[in-house]
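Here's the structure, in structure tokens; my notes come after.
Values below: all heavy atoms of this structure, side chains included; hydrogens, waters and symmetry mates excluded. The first residue in the sequence is number 1, and the count goes up from there. Both counts, for ligands and for their atoms, begin at 1 and track the order of listing. Treat the numbers as computed from the prediction; the structure is a model and nothing was measured.
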Amino acid sequence: MRYARAPGHSTRLHEVAMLRVPVNMIEPGMVLARPIPVPSDPRRFLLQRDHEIPLDLVPRLRDLGIVEVWVRHRDLEFLEDLIDEGLSDCQREVYASVRSNFESIMQETTAQLDVGRFQSSIGGLFDYLKKTVHGNVLLHKLDAFDNYLMSHSANVGYLSLLLGMQLERYLIDERSAKSPRDAKDLTVLGVGCLLHDVGKMRIPSEVLNKPERLTDEEMAIVKQHPVYGYEMVKGRVPASAAQIVLNHHQRFNGEGYPPRVDPDTGELLPPLAGKQIPVFSRIATVVDIYDAATTARCYSGAKQPVQVLHEMRTWCEGFFDPVVADAFYRLVPPFPIGQVVGLSDGSEAAVVDFNPNRPTRPKLQGLKDPKGQRLEDPSLHEIDLALHLDLQITTVNGTDIRPYLASLETPILPETSYALL
Ligand SMILES: [Fe+2]
Ligand SMILES: [Fe+2]
């Protein structure tokens, strides 16, 4: 074992059976596996890793809007090897750039965007991602920050870079007016995605943060945010980034908003559809919907990735460029690494790897046998579900997820996808 366990380490950690623990489930003796960042400046830390979490810190964490922390779990310590703190540092810098920019916009109506800071932070993240291989996308999504709009913006930026990197060949084809080198430069994609919802800062907070269902009038106000955002960024960021802000709710099948208006005559134009929509906007649409649905909001809890991916493949039929969607489903696992799942034989296991060809059949490590008894040496109980067709995942956090499985196994593209080229 690589880490000494703190005195009084709770055996109930096993009951929690997660590496990520909601703040309200923190128990005496739990030891941090990752530092807890200060929400207003995630480059600083409230508590460092390897420290036992003092229980009197819990109310403060709640007040600061911290939702989850990462704790050690004796059967899952191997997962820590997958966590890349260098990558997390880059993302904290991105978050800090979003936060300082958005705060200055909120405080002064005349504040200008500090585009240079956006560019350098997202450029730093892109350079880091290019140098390292990251198969564990969801382990590195920022979460537990206090402001939905800011953490969502930073996460959409991060996911857009990862998805864009899967699509280099496609970007060279789709952006053929540019040199191949410029066509696959994702800094502009990242900047546009960080800013995609900046127009929401012009929406009254009582509408934006309303916990109940919005009226038709309120919904019409919210739907103004791409146009407001476009007005805020136009001329200050590259045109392709501004297009992301304007078009991130425009769907591949022509649905979506805002309506397209002729700038000279004010007449309504037919909506953009298919490949008329710039490819960076087609990427932003996919990652935006995914991140919004997997993050808790004032009016809804966070959904599990498996449910969101199912809904994207069913309810959102026609919304996405199939090439982009195919690459996304190969990138984002329905069962994130580290998640604990229940199996059809009644046993319990942790997800340890993702199989893009069989997304619902990842590699697992057993934790409890079908009678609920903890397995003495979990490393002896590795299960590749792609080879054990008699078994399937049935529950996540006690919820029956079987209705979501069939849609996730249907290929999007019959031919070899761009993501594999
Ligand atoms: Fe939006
Ligand atoms: Fe968004």
Seminar exercise, completed: Sequence neighbours excluded, the answer for side chain to side chain donor-acceptor pair (under 3.5 Å) partners of T399 is none
For this session: Before accepting this row, confirm whether a basic side-chain N of the pair K130/D127 lies closer than 4.0 Å to the acidic partner's carboxylate O.
Result: yes
Problem set entry | R313 with E317: basic N within carboxylate O range, under 4.0 Å | no
Seminar exercise, completed: Any protein N, O or S atom under 2.8 Å from the Fe ion (ligand 2)? Found H152 NE2, H196 NE2, D197 OD2, D288 OD1
Exercise. Would a 4.5 Å heavy-atom cut-off, applied to side chains only, mark R358 and E409 as touching?
Worked result: yes
Problem set entry | H249 atom NE2 and H225 atom NE2 as seen from the Fe ion (ligand 1), angle to 10 degrees | 90°
For this session: Give every residue pair that meets the salt bridge (charged side-chain N to carboxylate O under 4.0 Å, His left out) criterion with at least one member in residues 256-266, sequence neighbours excluded.
Result: none
Exercise. Does any pair with a residue in residues 333-343 pass salt bridge (charged side-chain N to carboxylate O under 4.0 Å, His left out), and if so which ones, sequence neighbours excluded?
Worked result: none
